[in-house]
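A short write-up of the structure that comes next.
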Amino acid sequence: MDSRPKGGPCHVAIIMDGNGRWATQRGRPRLFGHHVGARRVREIVRACPDIGVKYLTIFAFSTENWRRTQSEVAGLMSLFRRYITREAKALLAEGVRVRFIGDRIKLDDKLVRLMDELELLTSENTKVNLTIALNYGGRDEVARAVKRLTREVKAGHIDPEMVNEETLARHLDTCFLPDPDLVIRTSGEARISNFLLWQSAYAEYEFIDTLWPDFSKEIFAEIVGNYARRDRRFGAVTT
Ligand code: IPE
Ligand code: IPE
Ligand code: MG
């Protein structure tokens, strides 16, 4: 039976926050929290078809996260490599198409190769579109898009007078994605920390206290269900 709520969000984006605090509360190193958090991702991706989410975008590492200790950054990079290697088969079998957004230039070659391979491996899948934001920052993304656009203007391929919102959107990392309908942030912080700035212009936001390692498919389903009851107006008046 199809249990999907009517009018549910097609694209949900999640700021997966609170791994460090979750570990600290248990007297464990922060990286332990990241490992438990990574395991949560599988459960949430699997829940998507049942609750009607076609696109899921998750924030894994921001352009500002390089400011953390060298050991936490190295631990996270190694976790990403392990996650991709370990999950590739299951993602393929479950119909998940994986794509990455963010600047790859600062990432190590081995990780970038694994990312490319996973994108290629799952490129025929259509059940769920999982986008992983890695070394992603909204401002950085807009700046890189403008750089690409100005190159095309300079080469004479685009008339600067014709540049509009749609032209810029086509040059963003997210050019293959619809805008997010709903952005969820865990861990009680009510800020967006440079995530999908352009794309979230009309997104609904849900800030919840749960730390990411405690997030579950039940909580996910509840938030998605609540979304269906919201009245999105996009600047117009509805009765
Ligand atoms: C989110 O958890 C994961 C990343 C930013 C990589 P945090 O590591 O930010 O956890 P807190 O916010 O310190 O608890
Ligand atoms: C946002 O979380 C980035 C990710 C979840 C990957 P942060 O923990 O880095 O954000 P701030 O520093 O609290 O704003
Ligand atoms: Mg945090």
Side-chain angles (χ1 to χ4, degrees), residues 11-45 53 55-84 86-87 98-108 111-112 114-115 118 130-144 172-174 177 180 182-200 203-216 219-220 223:
H11 181 184
V12 178
I14 308 183
I15 303 174
M16 310 182 290
D17 197 16
N19 294 346
R21 275 164 283 172
W22 188 90
T24 305
Q25 283 170 7
R26 285 159 180 78
R28 305 291 301 266
R30 293 178 56 84
L31 266 174
F32 177 67
H34 295 314
H35 280 269
V36 178
R39 265 184 253 143
R40 279 289 162 209
V41 173
R42 181 188 274 207
E43 177 185 337
I44 300 313
V45 174
V53 173
Y55 293 86
L56 177 71
T57 299
I58 55 175
F59 204 2
F61 192 89
S62 76
T63 46
E64 289 71 37
N65 287 147
W66 299 103
R67 295 178 188 154
R68 297 186 177 198
T69 62
Q70 202 263 330
S71 78
E72 182 169 351
V73 170
L76 280 165
M77 293 300 149
S78 137
L79 172 64
F80 298 144
R81 288 194 298 269
R82 272 176 50 186
Y83 176 84
I84 295 174
R86 212 180 39 211
E87 298 292 315
V98 185
R99 279 173 288 202
F100 294 88
I101 55 171
D103 193 356
R104 299 181 190 202
I105 214 92
K106 262 181 106 173
L107 302 174
D108 77 64
L111 176 57
V112 173
L114 289 168
M115 289 158 66
L118 185 60
L130 172 65
T131 304
I132 304 176
L134 223 169
N135 191 27
Y136 175 87
R139 288 184 172 181
D140 177 68
E141 179 193 31
V142 172
R144 285 185 290 105
L172 293 170
D173 296 352
T174 51
L177 280 176
L182 172 66
V183 179
I184 301 169
R185 183 175 187 143
T186 58
S187 93
E189 312 294 349
R191 56 176 172 263
I192 56 171
S193 303
N194 208 5
F195 190 45
L196 301 176
L197 296 182
W198 170 280
Q199 300 84 345
S200 300
E204 299 288 328
Y205 282 94
E206 194 71 54
F207 298 102
I208 61 161
D209 288 335
T210 311
L211 301 175
W212 176 253
D214 290 329
F215 195 74
S216 63
I219 301 174
F220 189 34
I223 296 174

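When a ligand or atom number is given, it counts from 1 through the structure's own listing order.
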*Can you measure from CH2 (W198) to CZ (R139) and round to the nearest 0.5 angstrom?*
14.5 Å

_Check: R21 side chain, L211 main-chain N or O, donor-acceptor pair, under 3.5 Å_ = no

*Go through the side-chain N and O atoms of S193 and R185 and say whether any donor and acceptor fall under 3.5 Å apart.*
yes

_Suppose we only count N/O/S atoms under 2.8 Å; would D17 qualify as near the Mg ion (ligand 3)?_
yes

*For the residue pair Y55 and H11, categorise the inter-ring angle as parallel (less than 30°), tilted (30 to 60°) or perpendicular (more than 60°).*
tilted

*Any side-chain heavy-atom pair from E87 and V45 closer than 4.5 angstrom?*
no

*Look only at the side chain of E141 and the backbone of D173, and say whether a donor-acceptor pair between them is shorter than 3.5 Å.*
yes

*asked:* As a test of reading the model: which residues have a non-hydrogen atom less than 4.0 Å away from ligand 2?
replied: I15, M16, D17, F59, A60, F61, N65, R68, R185, R191, S193

*Can you say whether the rings of F220 and F215 are parallel (under 30°), tilted (30 to 60°) or perpendicular (over 60°)?*
tilted

*Does the N or O separation between R30 and ligand 1 drop below 3.5 Å for any pair?*
yes

